[in-house]
Amino acid sequence: MAKGVHRIGRTLAFAALAPLAWQASAGDEPQRGEQAPAPRVTIDKSGRTTRIASEHEVTIQVELPASATAACAATIDFEYQQRDTFARAVGTIRNTQCAASAGDYTWAVRIRDAHGEVRTLEFPQQWQRSDDGPVEFTHDLPIGPNVDLLNVRARQLTCKCTETGAH
């Protein structure tokens, strides 16, 4: 007789838990005026264990911002020369992927000092444009007295489109 009472207790427990499963998923309810999709309830009985699952289909709309580096590939062309205690770099930065864009780069200037020692000097730079024209520049980079300019390189050129639509 105790066995029959135990079964009734499980059935009553299931009947009491079913509304709780519905309430647990109620946080995903649609706004007023929207029709709620029908919940899907599954029951899995395995020996003395009963598993109740209530599933709702929830639609979420997410807007992602434009990627900062999407389709942006700048190039830099320049020439350089020594002007006494300065290295002068003259050139252009081009980007055919988007109009409004910006970025940065570093000038790496190799020199040989009066003692014959070779050193590299670095000069961080930034660039920006608001249209699709090339960015023209002239930089006088201080290298100091009594040195020989060996070479100038532009390193780590970065580019990011600053508008959402690309040309």
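Residue numbers start at 1 and run along the sequence shown.
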For the NZ atom of Lys160 and the SG atom of Cys72, what is their distance to the nearest 0.5 Å?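 Rounded to the nearest 0.5 Å, the NZ-SG separation comes out at 10.0 Å.
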Quick one: pull up CG in Leu157 and CG in Asp104 and give me the separation to the nearest 0.5 Å.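 If we round to the nearest 0.5 Å, Leu157:CG and Asp104:CG are 8.0 Å apart.
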Can you confirm whether Gln156 is buried at CD, in the sense that more than 12 heavy atoms of other residues, nucleotides or ligands lie under 6.0 Å from that atom?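 Result for CD/Gln156: open.
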Please assess Arg112 against Arg119 for the test side-chain contact (heavy atoms from CB on, under 4.5 Å), listing each intermediate value before the final yes or no. CA-CA 6 Å; Arg112 179 175 287 122; Arg119 294 185 297 147; over 6 Å; no
Let me see the working for Trp107 and Phe137 under ring-ring contact (aromatic ring centres under 6.0 Å, His included), right down to the final yes or no. CA-CA 13 Å; Trp107 288 118; Phe137 59 83; 5.7 Å; yes
Shortest non-hydrogen contact from [X] to [Y]?
{"X": "Tyr105", "Y": "Ile76", "result": "CE1-CD1, 4.1 Å"}
{"X": "Tyr80", "Y": "Leu149", "result": "CD1-CD2, 3.7 Å"}
{"X": "Cys159", "Y": "Ala73", "result": "SG-N, 4.2 Å"}
{"X": "Val118", "Y": "Leu150", "result": "CG1-CD1, 3.8 Å"}
{"X": "Ser101", "Y": "Thr162", "result": "N-OG1, 3.5 Å"}

Give a yes or no answer on whether the side chain of [X] reaches the backbone of [Y] with a donor-acceptor pair at less than 3.5 Å.
{"X": "Gln82", "Y": "Ala87", "answer": "no"}
{"X": "Trp127", "Y": "Thr158", "answer": "yes"}
{"X": "Arg129", "Y": "Asn95", "answer": "yes"}

Should the SG of Cys161 and the SG of Cys98 be checked, would they turn out to be under 2.5 Å apart?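 Yes - the two cysteines, Cys161 and Cys98, have SG atoms within less than 2.5 Å of each other.
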Would you indicate whether the side-chain heavy atoms of Leu121 and Ile143 approach each other to under 4.5 Å?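 Yes; the side chains approach each other to less than 4.5 Å.
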Is any side-chain heavy atom of Lys45 closer than 4.5 Å to one of Arg51?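 Counting from C-beta outward, Arg51 and Lys45 never come under 4.5 Å.
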Does the pair Asp113 and Asn146 meet the rule for a side-chain contact (heavy atoms from CB on, under 4.5 Å), with working shown? CA-CA 6 Å; Asp113 65 18; Asn146 301 320; over 6 Å; no
Could you check whether Thr96 and Arg94, counting side-chain N and O atoms only, form a donor-acceptor pair closer than 3.5 Å?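 No, no side-chain donor-acceptor pair sits under 3.5 Å.
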Out of Thr106, Val152, Val109, which one pairs with Phe123 under the side chain to side chain contact (heavy atoms under 4.5 Å, CB included) rule?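 That would be Val109; it is the only one of Thr106, Val152, Val109 passing the side chain to side chain contact (heavy atoms under 4.5 Å, CB included) with Phe123.
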Check this for me, if you would: do Arg88 and Asp140 make a salt bridge, where the nitrogen-to-carboxylate-oxygen distance has to be below 4.0 angstrom?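 Looking at Asp140 together with Arg88, the answer is yes, because their closest N to O distance falls below 4.0 Å.
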What verdict does the side-chain contact (heavy atoms from CB on, under 4.5 Å) test give for Phe78 and Ile93, after you've listed the backbone C-alpha separation in whole Å, the side-chain angles of each residue and the deciding distance to 0.1 Å? CA-CA 9 Å; Phe78 65 95; Ile93 297 174; over 6 Å; no
